[in-house]
Enquirer: 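Structure provided below as structure tokens; questions to follow.
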Amino acid sequence: MDFPERIHAFAAAEGLARRDPEADPSASGGLENSMAFQQRLFDAGLAWFDGPVALGGAGLDPATADALRGVLYEYELPDQSYFTVSRRIVAPTILAHGTPEQQQRWMRALWRGDALACQLFSEPEAGSDLASLRCTAVRDGDEWVVNGQKVWSSWAHLSDVGELLARTGAPADRHRAITAFLVEMDRPGITVRPIRQINGDSHFNEVFFDDVRIPDSARLGAVDKGWTVAMSTLTSERTAMGSRDKTYLSRPYRRLRALVPEPGDAERELLAEAWIREQLAGVTADRVATGGVSPSIGKLALVDDLGFYGRAAARLLGPDLVADAGAPGFGTWSDFLLSSPAQRIAGGTDQIQRGIVAERVLGLPRERHESPKGPQQP
């Protein structure tokens with residue numbers, strides 16, 4: 001039996017219904033149900049198509065894996081959003097930079113749904129300027145003692161492990177004095193406080209470290225070389241944000257078209273742009289997945305599209321936007337408008353992405369900043 005047949009057989013055994021391809025993916029069942037489903041999916045060999053066989057994957061090439069995920073997503077699945085950071089952001093970093101012991105400890109657990117992971121990067125005064133972070137890790141024999149604060153850490157309140165960036169050298173050395181670690185979130189001295197968001201959700205968190213001791217075996221990569229590790233993680237995050245399986249909005253043209261049964265010329269112009277953007281988004285996602293386009297370009301395109309769809313919905317609905325209950329199979333536009341602006345920050349702000357594109361894609365020189373003391377080195 002080939003993989004597509006195995007997926008269909010698994011779906012039948014699970015009693016999964018076919019998903020309306022033009023509706024928003026459902027998100028039912030809660031964390032416990034989602035993790036139990038993921039465990040059954042992994043045990044059936046259908047969770048990690050492109051992962052190494054030695055770690056529990058199927059060993060397939062990325063293009064085949066992407067096609068098989070498309071077959072799997074034909075069905076209504078339990079909420080997959082819990083696993084995005086674990087599988088699409090942290091796991092690729094462990095696979096690229098982790099020791100064999102770290103890979104054995106975490107890769108299977110993250111892909112099987114036995115554990116969840118979070119990012120511990122941003123700080124109150126070190127978000128876009130990640131190189132200025134202040135959370136410190138001081139070596140004490142075979143251990144490190146961590147002190148500081150992180151913020152905007154998605155799912156940290158549910159996570160078993162966090163990918164931590166901490167300063168291990170002088171602040172003046174910036175990114176040359178940062179080290180990455182895999183921190184178990186139940187260690188003494190770690191406090192997690194969920195942040196209530198404007199749309200009522202609370203999946204972002206503040207995380208505090210007070211003399212938290214972690215073994216050197218938890219270090220991810222070499223001492224003071226965490227910047228390289230962080231760049232791998234952020235690249236994975238930007239790629240994930242621009243991928244086809246993101247659920248910020250599904251079939252935006254159809255959703256907007258449903259708001260205006262008899263569109264006039266102005267409405268037709270909006271709908272035409274929505275259709276064009278929808279087609280381009282699919283092409284861009286495919287090019288990002290195959291390495292043909294920088295993930296930063298994909299992320300910028302996504303954010304621009306989200307802004308357009310929100311403005312279009314507000315124009316078409318007018319005051320009714322605040323009372324929008326959502327059509328059957330869809331979320332509400334009001335919730336979309338409240339939650340989508342966060343994507344301008346996640347994975348690096350728009351300004352950071354444009355700088356990356358300018359320097360690394362277009363080859364433009366870095367901007368030099370003038371100060372009263374004269375030109376400053378970048």
Side-chain angles (χ1 to χ4, degrees), residues 84-99 102-103 106-107 110 117-139 144 146-156 159 161-185 204-205 207 209 212 214 216 218-242 288 294-296 298-300 343 345-357 359-361 366 378:
T84 300
V85 176
S86 301
R87 300 188 312 205
R88 302 295 303 277
I89 300 175
V90 176
T93 303
I94 298 175
L95 191 61
H97 299 279
T99 64
Q102 290 169 338
Q103 293 174 2
W106 293 113
M107 295 302 292
L110 293 177
C118 63
Q119 267 178 280
L120 300 169
F121 281 24
S122 294
E123 300 182 5
E125 297 184 19
S128 297
D129 185 15
L130 193 58
S132 65
L133 63 84
R134 298 182 180 183
C135 179
T136 61
V138 178
R139 189 148 194 174
W144 294 82
V146 181
N147 283 281
Q149 178 187 357
K150 298 293 178 176
V151 72
W152 311 123
S153 300
S154 297
W155 308 118
S159 293
V161 64
E163 182 187 344
L164 169 71
L165 291 184
R167 183 159 302 286
T168 48
D173 289 335
R174 291 178 60 76
H175 62 271
R176 292 179 293 275
I178 293 173
T179 303
F181 300 88
L182 292 172
V183 180
E184 294 170 317
M185 296 298 290
F204 290 145
N205 299 269
V207 183
F209 296 85
V212 177
I214 57 177
D216 185 58
R219 177 167 43 82
L220 189 59
V223 176
D224 293 338
K225 301 299 181 182
W227 193 253
T228 300
V229 178
M231 292 303 100
S232 292
T233 304
L234 292 175
T235 297
S236 296
E237 181 176 8
R238 292 158 190 162
T239 300
M241 291 182 69
V288 170
S294 166
S296 292
K299 199 262 185 179
L300 283 169
Q343 306 312 316
I345 301 172
T349 64
D350 292 359
Q351 292 83 0
I352 293 292
Q353 304 309 318
R354 292 189 180 99
I356 291 172
V357 172
E359 295 173 20
R360 302 180 190 175
V361 178
R366 296 190 67 179

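Here the structure is a predicted model, which means the values were calculated and not measured.
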Enquirer: Under the rule for side chain to side chain donor-acceptor pair (under 3.5 Å), what residues qualify as partners of R139, not counting sequence neighbours?
Expert: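 For R139 the side chain to side chain donor-acceptor pair (under 3.5 Å) partners, ignoring immediate neighbours, are D216.
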Enquirer: Do Q119 and T233 pass the side chain to side chain donor-acceptor pair (under 3.5 Å) test, and can you show the C-alpha distance, the side-chain angles, and the key distance before you say yes or no?
Expert: CA-CA 9 Å; Q119 267 178 280; T233 304; 5.8 Å; no
Enquirer: With sequence neighbours excluded, tell me which residues meet salt bridge (charged side-chain N to carboxylate O under 4.0 Å, His left out) with E184.
Expert: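 Expected list: R105, R187.
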Enquirer: Do the side chain of R219 and the main chain of L182 share a donor and acceptor less than 3.5 angstrom apart?
Expert: no
Enquirer: I'd like to check the ring-ring contact (aromatic ring centres under 6.0 Å, His included) partners of H175; sequence neighbours left out, ordered by chain and number.
Expert: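 H175 satisfies ring-ring contact (aromatic ring centres under 6.0 Å, His included) with W227 only.
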Enquirer: If we ignore hydrogens and angles and just use 3.5 Å, is the side chain of R167 paired with the main-chain N or O of L133 as donor and acceptor?
Expert: yes
Enquirer: Are any side-chain N or O atoms of Q103 and backbone N or O atoms of G98, one a donor and one an acceptor, separated by less than 3.5 Å?
Expert: yes
Enquirer: Taking Q353 for the side chain and K299 for the main chain, is one N or O donor matched with an acceptor at less than 3.5 Å?
Expert: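 No: the side chain of Q353 does not pair with the backbone of K299.
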Enquirer: List in chain and number order the residues that pass side chain to side chain donor-acceptor pair (under 3.5 Å) with S159, two or more places apart in sequence or in another chain; answer none if no residue qualifies.
Expert: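 Scan of S159 (side chain to side chain donor-acceptor pair (under 3.5 Å), adjacent residues dropped) gives none.
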Enquirer: Please check if the number of heavy atoms outside W152 that lie under 6.0 Å from its CH2 is greater than 12.
Expert: no
Enquirer: Which residues pass the salt bridge (charged side-chain N to carboxylate O under 4.0 Å, His left out) test with R360, sequence neighbours left out?
Expert: none
Enquirer: Quick one: list whatever passes side chain to side chain donor-acceptor pair (under 3.5 Å) with S86, sequence neighbours left out.
Expert: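 Here no residue qualifies.
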Enquirer: I would like to know whether F181 and V146 meet side chain to side chain contact (heavy atoms under 4.5 Å, CB included); could you show each step before the answer?
Expert: CA-CA 10 Å; F181 300 88; V146 181; 5.7 Å; no
Enquirer: Keeping the roles fixed (side chain from N205, backbone from S153), state whether a donor-acceptor pair exists under 3.5 Å.
Expert: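 A pair under 3.5 Å: yes.
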